[in-house]
Number of protein chains: 2
Amino acid sequence: MLPSETKEMKERIIDVAQGFVQTRGFNAFSYRDLAEQILIRTASIHYYFPKKDDLGLALIQRYRADFEGAIRNIDDAERSPKDRLSAYLKMFLDLSKGGARLCLFAVFSAELPTLSERIQDEVRIFYETNIDWLNDVVSEGRSAGFFSFSGESREVASAIFSFLEGEMLVRRVFPAEAHSPEIPPAIRLLLSWKG
Amino acid sequence: MLPSETKEMKERIIDVAQGFVQTRGFNAFSYRDLAEQILIRTASIHYYFPKKDDLGLALIQRYRADFEGAIRNIDDAERSPKDRLSAYLKMFLDLSKGGARLCLFAVFSAELPTLSERIQDEVRIFYETNIDWLNDVVSEGRSAGFFSFSGESREVASAIFSFLEGEMLVRRVFPAEAHSPEIPPAIRLLLSWKG
DNA sequence: GACAGCCTATCGATGCGCAGATAGACTGGT
DNA sequence: ACCAGTCTATCTGCGCATCGATAGGCTGTC
């Protein structure tokens with residue numbers, strides 16, 4: 001098999017693993033589950049990811065990179081804070097479309113004490129990246145008069161993130177509900193979002 | 001052994017199991033883990049809870065009952081909506097003291113597809129109980145002039161719950177941080193909480 | 001008030017299957 | 001001929017679960 005295909009296989013494994021993690025959690029899927037889905041043997045997965053922890057690490061690193069790419073894309077479009085935040089919220093909530101999948105942050109946080117230090121570190125970096133970015137958007141938006149709130153902008157950024165993570169847990173439990181609005185009313189209230 | 005001691009053993013098992021669930025998740029502890037902690041054999045645990053699912057169900061049913069008792073106690077004290085909400089928030093956030101333990105809702109939601117229907121049903125009831133109660137408090141508080149917000153009170157109730165669940169995940173990832181204020185600033189903002 | 005028969009709570013032993021993991025052989029492309 | 005990639009075969013340990021045994025309390029009836 002070609003080296004290029006090798007790379008694809010590694011990605012394919014991460015793809016499937018990510019699906020399992022987001023639906024069942026990291027501790028509730030096995031190399032056998034992956035192997036059956038991908039149609040290879042478990043030994044082949046061990047070739048790419050000797051330990052399950054290696055797979056977990058690769059998984060969250062890629063997830064983090066994807067996320068960072070996505071917010072860089074949002075910024076490159078150079079829209080207003082309102083539009084940037086809208087795009088972020090959409091991305092975030094689309095992720096849990098129908099409640100089928102959770103953000104990796106939620107899953108890994110729920111299982112945190114069972115995970116290795118290096119994975120826990122990645123989880124922390126993921127959080128900080130998101131809060132830093134949200135903080136920028138929110139404080140810029142306030143300066144520009146789009147948003148209005150009192151107190152620390154970082155506090156609001158952190159509240160938005162917590163709300164989104166919790167909201168995903170809730171949507172999973174009530175998948176039938178129509179969670180339609182682009183911008184959750186709670187966030188409009190929090191920011192005194194105009195328009 | 002006396003029947004009264006039997007009851008204690010059942011409770012003791014649930015106590016220890018709940019600790020494991022709140023720290024590791026339901027899929028990441030075993031009857032062996034419980035047995036070692038309690039100093040009995042796994043077979044004895046099966047005597048009380050034939051299947052692990054039976055244990056999980058007993059666990060969340062007791063948790064739900066405890067929670068309902070707690071909010072009934074808050075209501076019985078007949079304080080203002082502000083005081084009732086404060087007490088609720090305190091209870092909720094104390095639960096995750098230092099991020100060591102998560103609310104069962106967060107844990108079970110993260111693992112939802114791996115759990116039995118009857119446990120999933122309990123999770124839904126837990127959510128609805130909390131939202132109904134929060135909705136009462138929040139809308140009463142608005143009528144009484146303590147809170148001020150536009151839109152549906154149920155939307156705000158649901159936002160508070162989502163925020164709290166997400167906040168627990170975050171606190172677990174950053175246990176060092178000082179999460180001091182009795183009332184999270186985000187909730188003050190959301191409700192235009194005066195005082 | 002004694003004894004039979006049942007109930008409670010625990011145990012040791014064991015089954016069966018799956019978990020993650022490894023060693024070593026095969027294969028096909030360059 | 002080599003090497004990446006995949007396989008088969010196999011290991012050890014743990015997962016949940018069940019069985020049959022046992023020790024001792026509880027009960028009702030003669």
Side-chain angles (χ1 to χ4, degrees), chain A residues 1-21 23-60 107-108 110-111 113-119, chain B residues 1-21 23-60 107-108 110-111 113-119:
Chain A
M1 194 165 265
L2 295 163
S4 67
E5 286 175 282
T6 291
K7 199 175 176 185
E8 277 164 26
M9 178 56 80
K10 219 165 173 171
E11 291 296 304
R12 272 219 289 160
I13 294 169
I14 299 180
D15 288 344
V16 175
Q18 185 172 328
F20 280 131
V21 172
T23 51
R24 305 190 196 173
F26 189 72
N27 292 314
F29 78 94
S30 67
Y31 273 41
R32 177 181 294 199
D33 295 327
L34 293 175
E36 279 170 7
Q37 190 95 6
I38 302 170
L39 300 175
I40 54 174
R41 305 289 132 175
T42 63
S44 306
I45 304 175
H46 279 286
Y47 171 76
Y48 294 103
F49 304 103
K51 314 276 163 153
K52 199 183 180 186
D53 188 63
D54 299 321
L55 173 56
L57 188 67
L59 193 56
I60 186 161
V107 176
F108 282 150
E111 302 182 294
T114 71
L115 303 172
S116 69
E117 263 307 320
R118 50 193 200 148
I119 291 182
Chain B
M1 194 167 268
L2 295 163
S4 67
E5 287 175 282
T6 290
K7 199 174 177 187
E8 277 165 27
M9 180 53 82
K10 220 166 173 172
E11 291 297 305
R12 271 219 290 159
I13 294 168
I14 299 180
D15 288 344
V16 176
Q18 184 172 328
F20 280 131
V21 172
T23 50
R24 305 189 195 174
F26 189 72
N27 293 314
F29 78 94
S30 67
Y31 272 39
R32 178 180 294 199
D33 295 328
L34 293 175
E36 279 170 6
Q37 190 97 6
I38 302 169
L39 300 175
I40 53 175
R41 305 289 132 179
T42 62
S44 306
I45 304 176
H46 279 287
Y47 170 75
Y48 294 103
F49 304 103
K51 316 274 164 152
K52 200 183 179 187
D53 187 63
D54 298 320
L55 173 56
L57 188 67
L59 194 57
I60 186 161
V107 177
F108 282 150
E111 302 182 293
T114 72
L115 303 172
S116 69
E117 263 307 320
R118 49 193 201 147
I119 291 183

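Just so you know, these numbers use all the heavy atoms, side chains as well, and skip hydrogens, waters and symmetry mates. Sequence lines set the chain letters: A, B, ... in the order given, protein chains first and strands last, and positions in each chain run from 1. If you're wondering where the values come from, they're calculated on a predicted model, not measured in any experiment.
- Shown are A/Asp33, A/Val21, A/Ile38; of these, the side chain to side chain contact (heavy atoms under 4.5 Å, CB included) with A/Val16 is made only by A/Ile38.
- Heavy atoms of B/Arg41 sit under 4.0 angstrom from primed sugar atoms or phosphate atoms, though from no base atom.
- With salt bridges taken as basic N to acidic carboxylate O contacts below 4.0 Å, one links A/Arg118 and A/Asp54.
- Across B/Thr114 and B/Asn27, no two heavy atoms sit closer than the pair OG1-ND2, 2.9 Å.
- Atom OH of B/Tyr47 is separated from atom P of D/dT22 by 18 Å (rounded to the nearest Å).
- Put simply, A/Tyr48 has a side-chain N or O that comes within less than 4.0 Å of OP1 or OP2 on D/dT6.
- Between the CG atom of A/Asn27 and the P atom of D/dC14 there is a distance of 16 Å, rounded to whole Å.
- Using a 4.5 Å heavy-atom cutoff, the side chains of B/Phe29 and B/Thr23 are not in contact.
- Across all non-hydrogen atoms, the minimal contact from A/Glu111 to A/Phe26 is OE1-N, 2.7 Å.
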Sequence-aligned protein contact record of nucleotides 16-23 of chain C, with B where the base is within under 4.0 Å of a protein heavy atom and S where only the sugar-phosphate is:
--SSSBBB

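- Counting only heavy atoms from C-beta outward, the side chains of A/Glu8 and A/Glu11 never approach each other to under 4.5 Å.
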